[in-house]
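Quick notes on the structure that follows.
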Number of protein chains: 2
Amino acid sequence: MDSQLIVANIRRHVPLTPEEEAFLKAILIPITYRQGEIVQPAGEIGPGMIHVNSGCLMTYYTDRDGDEKVIQFATAGWWTGDLHSLSTQEPSIFATRALADSEVYLLPDVRMNELLERYPVFERYFRITFQNSLVTHQRRLIQAYSFTAEERYDSFQQKYPHLEQFVPLKYVASYLGITPEFLSKIRRKRTTH
Amino acid sequence: MDSQLIVANIRRHVPLTPEEEAFLKAILIPITYRQGEIVQPAGEIGPGMIHVNSGCLMTYYTDRDGDEKVIQFATAGWWTGDLHSLSTQEPSIFATRALADSEVYLLPDVRMNELLERYPVFERYFRITFQNSLVTHQRRLIQAYSFTAEERYDSFQQKYPHLEQFVPLKYVASYLGITPEFLSKIRRKRTTH
DNA sequence: GAAGGCGCTTGAACCAGGTTAAGAAATGGG
DNA sequence: CCCATTTCTTAACCTGGTTCAAGCGCCTTC
């Protein structure tokens, strides 16, 4: 597996010395998953941050009725991981699963702390990353409250142009906060003009 | 105005040397607002991060229909500020208003960048702060999609036990993503057993 | 102290989206 | 290749929440 993507992504936000880059590469653990495999089960303490190199992961949780509610999709270049579990060391309520064959790098919790302590440039990098992610989450919250399901579907299609082709629609519906049946209605309206 | 609270809040997450503390204090600008005053209008570039020392602010935006949609309330000890406007230097779509007489510290954008460059401990502090805020936002997103309005109202009352007494109910309704009329109905059901 | 103006409530009609159930289409494993 | 399971769609009906319109209490302000 090739660590070009992750290093390039980091360099888009902060400069890295050869030493910093080498240290990062040394602690990253490459893992591959087949479509459908569980990357991280619910109920365990999150092992660390995961960077998607190729493929697609989804993070979800199982609600009171046993339905799987999708929190986010992570495609190439994205970070995922249960931040709450990582900072409190409590078991995660989220699970993560590969929706396609995927290559990821795991940045184990303990190693990440080492990385942050030794090289503050990574504090900066993650500060910026979390800041950006916060903006995205704020926007989704606004959409959840003031857009209709159909508008959210539009915006999903724009944000993830390829996902709809290989992600089961029931997960897309879940991500949008609607039932698969209602997504079906929206899609029919689209195709029949 | 007294900077004990903000320093204590930062110290809960990272250690500060006297020098770091002094520099921070030197660049913070204390401002007070009367109830109802605009802290930050929409359409301007965000001036920086705002830390609430006392009182209460609300951040909202005005949607297509001219309705004010509340994004968040910020009480003593909270940071607020338009992260998107700050990082892109685009005009903010959010406005912030004081819901009660309030004392805040403004950390101006340029000064914040200086602070982060000189003292990486603040990169760490904000990394942790944004990380925690991300967890909160994730949770609200889950609530928006899988809780009923009534459950969201419960959780609002737990999170902000005092707010309901002095915040106009129409803003509470907006924060919950419902109309004032429907909040009224929920409340009636509560009081009449 | 009358006249607004604003925030809150009420009720009735209405709609976006959910529920249930059943069939059609796709997927996958032996 | 075929059967079993899962996923997707359709349709009829249901409900949480909205919209609209009116009334009420409580500040202002003249």
message: Below 4.0 angstrom, which residues in residues 176-185 of chain A have at least one non-hydrogen atom near DNA chain C?
response: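 Contacts with DNA chain C under 4.0 Å: A/Gly177, A/Ile178, A/Thr179, A/Glu181, A/Phe182, A/Lys185.
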task: Determine the interplanar angle of the A/Tyr153 and A/Phe156 rings, folded into 0 to 90°, and report it as parallel if under 30°, tilted if 30 to 60°, perpendicular if over 60°.
output: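 Ring orientation, 0 to 90° scale: parallel.
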Output the rounded distance in Å from [atom1] ([X]) to [atom2] ([N]).
X: B/Leu169; N: C/dC6; atom1: CG; atom2: P; result: 17 Å
X: A/Phe147; N: D/dG17; atom1: CZ; atom2: P; result: 20 Å
X: B/Glu150; N: D/dG17; atom1: CD; atom2: P; result: 8 Å
X: B/Asp65; N: D/dT18; atom1: CG; atom2: P; result: 13 Å
X: A/Phe166; N: D/dT6; atom1: CZ; atom2: P; result: 22 Å
X: A/Arg188; N: C/dG17; atom1: CZ; atom2: C1'; result: 14 Å
X: A/Tyr145; N: D/dT18; atom1: OH; atom2: P; result: 11 Å
X: B/Gln165; N: C/dC8; atom1: CD; atom2: P; result: 13 Å

field: Distance below 4.0 Å between B/Arg187 side-chain N/O and C/dT9 OP1 or OP2
entry: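 Checking B/Arg187 against C/dT9: at least one side-chain N or O falls below 4.0 Å of OP1 or OP2.
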task: Would you mind telling me which of A/Arg190, A/Lys159, A/Arg187 makes a salt bridge (Lys or Arg N to Asp or Glu O under 4.0 Å) with A/Asp154?
output: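 Result: among A/Arg190, A/Lys159, A/Arg187, A/Arg190 is the only option passing the salt bridge (Lys or Arg N to Asp or Glu O under 4.0 Å) with A/Asp154.
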query: Going by atom types only, do A/Tyr33 and A/Thr96 share a side-chain donor-acceptor pair under 3.5 Å?
result: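 Per modelled atom types, A/Tyr33 and A/Thr96 side chains form no pair under 3.5 Å.
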- request: Would you check if there is a donor-acceptor pair between the side chains of B/Gln143 and B/Ser155 at a distance under 3.5 Å?
  value: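 Yes, because at least one side-chain N or O of B/Ser155 sits under 3.5 Å from a partner of the opposite role on B/Gln143.
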message: B/Tyr171 vs B/Arg97, test: side chain to side chain contact (heavy atoms under 4.5 Å, CB included). Steps then yes/no.
response: CA-CA 12 Å; B/Tyr171 293 135; B/Arg97 183 189 303 167; 3.0 Å; yes
query: Between A/Glu68 and A/Lys170, is there a salt bridge with N-O shorter than 4.0 Å?
result: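 Looking at A/Lys170 and A/Glu68, the cut-off is not met.
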